[in-house]
Amino acid sequence: MNVLGNIIWFIFGGLGGAIAWFLAGCLWCITIIGIPIGLQCFKFASLSLAPFGKDIVYRGGGVSLILNIIWLIVSGLPIAFGHLMSALLLTITIVGIPFAAQSLKLARLALMPFGAEIVSDRR
């Protein structure tokens, strides 16, 4: 089921989210200081292409908090807003509700990407 969900997700919304994460990563990698943030964006762009069967575990710390605040101000809000709009559109139909849940998962990730780790779904 995860493979089918990922194929449908890629066609109907995953590509747009992945492009947003990729562009944010490219912009962050322009500076030397932003390269670690850009690499994190590239990792989440791949998650945005195929989110079914993957879960996000949050482990925080002081450095993660500081990076999340900087990220939120510079790049996090536009990406989170895009994922939220996608989730709203996907909830129009009953079939779209699982896809909206994935979009909400990515919106939360867009608000707090540092200290987050992608793991295989435990179900």
Side-chain angles (χ1 to χ4, degrees):
M1 243 7 226
N2 290 336
V3 174
L4 181 62
N6 283 329
I7 291 170
I8 295 170
W9 172 262
F10 179 79
I11 294 169
F12 292 109
L15 187 61
I19 289 171
W21 281 103
F22 182 77
L23 289 176
C26 288
L27 290 174
W28 278 103
C29 284
I30 289 173
T31 65
I32 300 281
I33 297 170
I35 288 175
I37 298 171
L39 294 177
Q40 190 82 338
C41 290
F42 296 141
K43 180 171 66 172
F44 293 138
S46 67
L47 173 69
S48 185
L49 287 174
F52 286 92
K54 297 177 184 143
D55 202 9
I56 301 167
V57 177
Y58 290 94
R59 296 183 179 100
V63 176
S64 296
L65 177 66
I66 292 168
L67 286 173
N68 279 328
I69 291 170
I70 294 169
W71 165 261
L72 186 63
I73 293 169
V74 176
S75 300
L77 289 176
I79 294 175
F81 183 74
H83 284 300
L84 285 175
M85 291 297 105
S86 173
L88 280 174
L89 290 173
L90 287 167
T91 56
I92 292 173
T93 64
I94 292 174
V95 175
I97 292 175
F99 298 99
Q102 298 302 317
S103 193
L104 289 174
K105 175 172 69 173
L106 291 168
R108 181 177 177 206
L109 181 67
L111 293 175
M112 302 180 302
F114 299 98
E117 182 182 338
I118 301 169
V119 295
S120 294
D121 201 4
R122 293 184 242 355
R123 292 181 220 172

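Computed from a prediction, not measured in an experiment: that's the story for all the values here.
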What heavy-atom pair brings [X] and [Y] nearest, and what distance separates the two atoms?
X: Ala24; Y: Trp71; value: CB-CH2, 4.2 Å
X: Leu88; Y: Thr91; value: O-OG1, 2.8 Å
X: Ala50; Y: Trp9; value: N-CD1, 4.5 Å
X: Gly38; Y: Cys29; value: CA-SG, 3.7 Å
X: Ala18; Y: Ala45; value: CB-O, 3.5 Å
X: Leu109; Y: Ala116; value: CD1-CB, 3.7 Å

Co-membership, hydrophobic cluster, residues Leu77 and Ile70, 4.5 Å side-chain:
yes
In terms of hydrophobic clustering (I, L, V, M, F, W, Y; side-chain heavy atoms under 4.5 Å; direct or indirect links), are Ile30 and Val74 co-clustered?
no
Can you check whether [X] reaches [Y] side chain to side chain, under 4.5 Å on heavy atoms?
X: Phe22; Y: Cys41; result: no
X: Ser86; Y: Phe99; result: no
X: Leu104; Y: His83; result: no
X: Ile56; Y: Lys105; result: yes
X: Phe44; Y: Ile118; result: yes
X: Ile8; Y: Ile11; result: no
X: Ile97; Y: Leu90; result: no

May I ask you to decide if Phe52's main-chain N or O and Asn6's side chain share a donor-acceptor pair within less than 3.5 Å?
yes
Give the C-alpha distance, both sets of side-chain angles, the deciding distance and a yes or no for side chain to side chain contact (heavy atoms under 4.5 Å, CB included) between Leu47 and Lys54.
CA-CA 8 Å; Leu47 173 69; Lys54 297 177 184 143; 3.7 Å; yes
Considering the options Ile79, Asn68, Leu72, which one meets the side-chain contact (heavy atoms from CB on, under 4.5 Å) requirement together with Leu111?
Leu72
Can you spot which of Thr31, Leu67, Leu27 makes a side-chain contact (heavy atoms from CB on, under 4.5 Å) with Ile37?
Leu67
Taking the six-membered ring for Trp, are Trp28 and Trp21 ring centroids under 6.0 Å apart?
no
Check: Phe114 ring centroid to Tyr58 ring centroid under 6.0 Å
no
Taking atom CG of Leu23 and atom OG of Ser75, what is their separation to the nearest 0.5 Å?
10.5 Å
